[in-house]
Amino acid sequence: MSLIKGIKGVKDLLPEETPRWRLIEEAARRWAHRYGFHEIRIPIFEVTTLFARSIGASTDIVEKEMYTFQDRDGTSLTLRPEGTAGTVRAYIEHNRAAIPVPQKYFYFGPMFRHERPQAGRLRQFHQFGVESLGMADPQADVEVIALLWRILSDLDLPGLTLEINNLGYTVDRDTYRPHLVSYLKQHESRLCANCRHRMEANPLRVLDCKVPECRAITEAAPRLTDSLSETARSYFTRVLSGLDLVKIPYSLNHRLVRGLDYYNLTTFEVTATNLGAQNAVGAGGRYDGLVETLGGPSTPAVGFAVGLERVAMLLSASSVEKVPQGATVYVAGFGDRGAVVGLTALEELRLAGFQAVSDFRSVTLKAHLRQADRLQCRFSLIIGDDEVVKESAILRDMKTKVQHDVSLSALSPEIHLLLAGS
RNA sequence: GUGGGUGUAGCUCAGCUGGUUAGAGCGCCGGAUUGUGGAUCCGGAGGUCGCGGGUUCGAAACCCGUCAUCCACCCCA
């Protein structure tokens with residue numbers, strides 16, 4: 001009999017770490033709400049072609065990282081590798097374009113990518129994401145970027161940096177690509193093997209190669225900026241001045257190229273220190289063509305996603321360890337009659353709104369008090385056979401060791417009174 | 001998919017060039033304190049040394065394989 005273990009790259013979140021996650025989720029929710037985003041809950045799996053069409057058939061995600069399987073009727077389904085595709089699908093399917101107010105959504109949930117696990121990278125990981133659909137104005141970009149920045153800074157993550165770039169329109173990239181390729185061809189022999197391949201498949205990706213040799217070459221390469229149309233340029237300028245206005249610090253990075261095909265114009269990424277190699281905490285951009293590619297009405301859109309595991313990693317390094325709230329009342333019922341009365345006292349306290357706990361394995365008062373201490377309870381309610389006879393229990397303040405008799409017939413009012421007094 | 005590190009008690013880790021009953025700290029249980037927790041002291045329990053094979057008189061240690069895990073490449077949030 002071999003032990004059944006969890007799947008590689010798929011983690012359990014144990015009660016010790018769950019408060020940290022709640023903190024992150026609450027911050028994200030709070031800020032999303034302030035910015036006027038509403039929660040959407042979309043399925044965890046979809047028809048495979050949705051992802052192939054939106055993310056891009058030649059991306060790594062679609063080529064080799066998706067969890068794809070056959071449904072019983074043979075249709076190909078896949079576990080979502082990201083949240084945008086499903087959100088857009090829902091937007092189209094429910095004809096949300098017809099609603100005369102901006103459609104601004106946020107979501108939380110697990111995503112699935114078959115990658116080799118490492119620091120900050122799992123096969124089942126969690127994202128918080130935001131999609132702002134319908135507004136083709138730079139202010140919409142600013143709004144989304146500001147929201148991302150606000151959430152992450154509110155959580156006080158170390159070494160946050162916002163990098164931003166302008167990918168222009170598809171036509172802009174089409175005019176730029178030949179310039180880049182012909183330049184790269186001249187230096188082909190000095191490029192890494194990977195980049196030589198990328199040069200054919202997706203030349204823009206060569207720009208964010210980390211190999212120093214490649215970087216040196218691309219440093220002098222023709223820049224996308226110089227091929228951008230006037231409209232693309234002025235759009236980006238207005239995004240930047242909007243960020244200045246609302247005081248979001250950023251730095252330009254002309255190498256910033258996203259790994260998903262649907263982005264255009266504004267792209268951005270927030271990185272942090274102390275994250276190891278996977279240092280992107282949140283990233284996103286504008287994707288004006290996606291709704292239409294998926295069969296919906298032409299709809300401009302911007303969004304981002306945040307990697308929650310990565311945020312959680314950073315948060316552990318900083319200051320979270322201050323919320324281990326223990327229970328307020330430990331009920332120590334022991335002896336034949338005390339145990340019985342203890343059970344009813346527990347229930348009575350809970351109905352009255354207290355958090356009340358006990359360890360039913362403990363038979364002696366000593367053992368009970370030890371557990372009360374471990375559980376960091378504020379009070380212990382001692383009920384032994386003697387107390388049952390007297391019809392009054394002993395309420396012990398675990399910190400001050402002060403004890404009061406409280407009558408068993410009026411437990412919760414008397415505890416309320418003592419609490420109010422202290 | 002490729003490379004490297006690490007697998008010894010519940011946890012964190014020692015264990016020298018192979019040598020006899022495998023250790024520490026923390027945690028756990030019990031006692032000192034038969035109805036009063038945390039501290040102290042005393043005592044105790046707990047290990048297929050990841051798994052399989054090989055070398056050897058002898059393997060936790062050496063060799064081969066395998067699995068797990070971590071980190072990096074790649075990719076991305």
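Each chain gets a letter, A, B and so on, in the order its sequence line appears, and its residues count up from 1.
The C1' atoms of B:G27 and B:G44 are separated by 14 Å, rounded to the nearest whole Å. Taking the P atoms as reference points, B:C28 lies 15 Å from B:C11, given to the whole Å. When the P atom is compared between B:G3 and B:U48, the two are found 33 Å apart, to the nearest whole Å. Atom P of B:C41 sits at a distance of 27 Å from the matching atom of B:G47, rounded to the whole Å. On the P atoms, B:G31 is 37 Å away from B:U20, given to the nearest whole Å. Between B:A22 and B:C49, the two C1' atoms lie 8 Å apart (nearest whole Å). Rounded to whole Å, the C1' atom of B:C29 lies 10 Å from the corresponding atom of B:G46. Nucleotides B:A68 and B:U56 are separated by 32 Å at their P atoms, to the nearest Å.
The ring pair (Phe, Tyr, Trp, His ring centres under 6.0 Å) test applied to A:Phe125 returns no partner, not counting sequence neighbours. For the side-chain hydrogen bond (donor to acceptor under 3.5 Å, both in side chains) test, no residue two or more places apart in sequence or in another chain qualifies with A:Arg337. Under the side-chain hydrogen bond (donor to acceptor under 3.5 Å, both in side chains) criterion, A:Thr218 pairs with A:Arg255, sequence neighbours left out. When the side-chain hydrogen bond (donor to acceptor under 3.5 Å, both in side chains) test is applied to A:Tyr67, the partners found at least two apart in sequence or on another chain are A:His114. For A:His33, there are no ring pair (Phe, Tyr, Trp, His ring centres under 6.0 Å) partners, not counting sequence neighbours. By the side-chain hydrogen bond (donor to acceptor under 3.5 Å, both in side chains) test, A:Arg238 is found to be paired with no residue, residues two or more places apart in sequence or in another chain being considered.
Counting only residues at least two apart or on different chains, no ring pair (Phe, Tyr, Trp, His ring centres under 6.0 Å) pair has a member in residues 34-53 of chain A. Legend: ring pair (Phe, Tyr, Trp, His ring centres under 6.0 Å) pairs involving residues 138-162 of chain A, not counting sequence neighbours: none detected.
When rounded to the nearest whole Å, the span between CZ of A:Phe128 and C1' of B:A77 equals 13 Å. Atom pair A:Arg123:CZ and B:A77:C1' shows a separation of 17 Å (rounding to whole Å applied). With rounding to whole Å, A:His114 atom NE2 is found 18 Å from B:A77 atom P. Distance, A:Glu115 CD to B:G3 P: 19 Å, rounded to whole Å. When rounded to the nearest whole Å, the span between CD1 of A:Ile61 and P of B:C74 equals 16 Å. Atom CZ of A:Arg80 is separated from atom P of B:A77 by 15 Å (rounded to the nearest Å). Per the geometry, CD belonging to A:Glu63 stands 13 Å off C1' belonging to B:C74, to the nearest Å. Taking atom CH2 of A:Trp21 as the reference point, atom P of B:A77 lies 16 Å away to the nearest angstrom.
Within the nucleic acid shown, A:Lys64 has no heavy atom closer than 4.0 Å to any nucleic acid atom.
A salt bridge links A:Asp154 with A:Arg30: at least one charged nitrogen is closer than 4.0 Å to a carboxylate oxygen. A salt bridge links A:Arg350 and A:Glu347; the closest N-O separation between the charged side-chain nitrogens and carboxylate oxygens is under 4.0 Å.
For A:Tyr183 and A:His179, the ring centers are positioned 6.0 Å apart or more.
Place A:Gly6 and A:Gln127 on RNA chain B by their nearest nucleotides, and A:Gly6 ends up nearer the 5' end. Mapping A:His126 and A:Lys11 onto RNA chain B by nearest heavy atom places A:Lys11 at the nucleotide closer to the 5' end.
For A:Gln139, the CD atom counts as loosely surrounded, since its 6.0 Å shell holds 12 or fewer non-hydrogen atoms of other residues, nucleotides or ligands. The neighbour count for A:Arg361 CZ, taken as heavy atoms of other residues, nucleotides or ligands under 6.0 Å away, does not exceed 12. Atom CG of A:Leu14 has more than 12 neighbouring heavy atoms from other residues, nucleotides or ligands inside a 6.0 Å radius.
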Distances for protein N or O near nucleotides 31-42 of chain B N or O, under 3.5 Å:
unit_1 : atom_1 : unit_2   : atom_2 : d
B:G35  : O6     : A:Asp386 : N      : 3.1
B:G35  : O6     : A:Asp386 : OD1    : 2.8
B:G35  : O6     : A:Asp386 : OD2    : 2.4
B:G35  : N1     : A:Glu387 : OE1    : 2.9
B:G35  : N1     : A:Glu387 : OE2    : 3.2
B:G35  : N2     : A:Glu387 : OE1    : 3.2
B:G35  : N2     : A:Glu387 : OE2    : 2.7
B:U36  : O2     : A:Arg396 : NH1    : 3.1
B:U36  : O2     : A:Gln403 : OE1    : 3.2
B:U36  : N3     : A:Gln403 : OE1    : 3.0
B:G37  : N7     : A:Arg396 : NH2    : 3.0
B:G37  : O6     : A:Arg396 : NH2    : 3.0
B:G37  : O6     : A:Met398 : O      : 3.1
B:G37  : N1     : A:Met398 : O      : 2.4
B:G37  : N2     : A:Asp373 : OD1    : 2.9
B:G37  : N2     : A:Met398 : O      : 3.4
B:G38  : O4'    : A:Asp373 : OD2    : 3.0
B:G38  : O6     : A:Lys401 : NZ     : 2.8

Close N or O pairs between protein and nucleotides 47-51 of chain B (under 3.5 Å):
none

Please tabulate, one pair per line, each protein N/O and nucleotide N/O from nucleotides 71-73 of chain B that are separated by under 3.5 Å, including the distance.
unit_1 : atom_1 : unit_2   : atom_2 : d
B:C71  : OP2    : A:Ala119 : N      : 2.7
B:A72  : OP1    : A:Ala277 : N      : 2.9
B:A72  : OP2    : A:Gln118 : NE2    : 3.1
B:C73  : N4     : A:Arg121 : NH2    : 3.1

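Pairs of Watson-Crick or G-U wobble type, with distances under 3.5 Å, assemble into runs of 3 or more in RNA chain B at these ranges: B:1-7 with B:67-73, B:10-13 with B:23-26, B:28-32 with B:40-44, B:50-54 with B:62-66.
No option in A:Gln127, A:His126, A:Arg121 other than A:His126 meets the side-chain hydrogen bond (donor to acceptor under 3.5 Å, both in side chains) test with A:Glu309.
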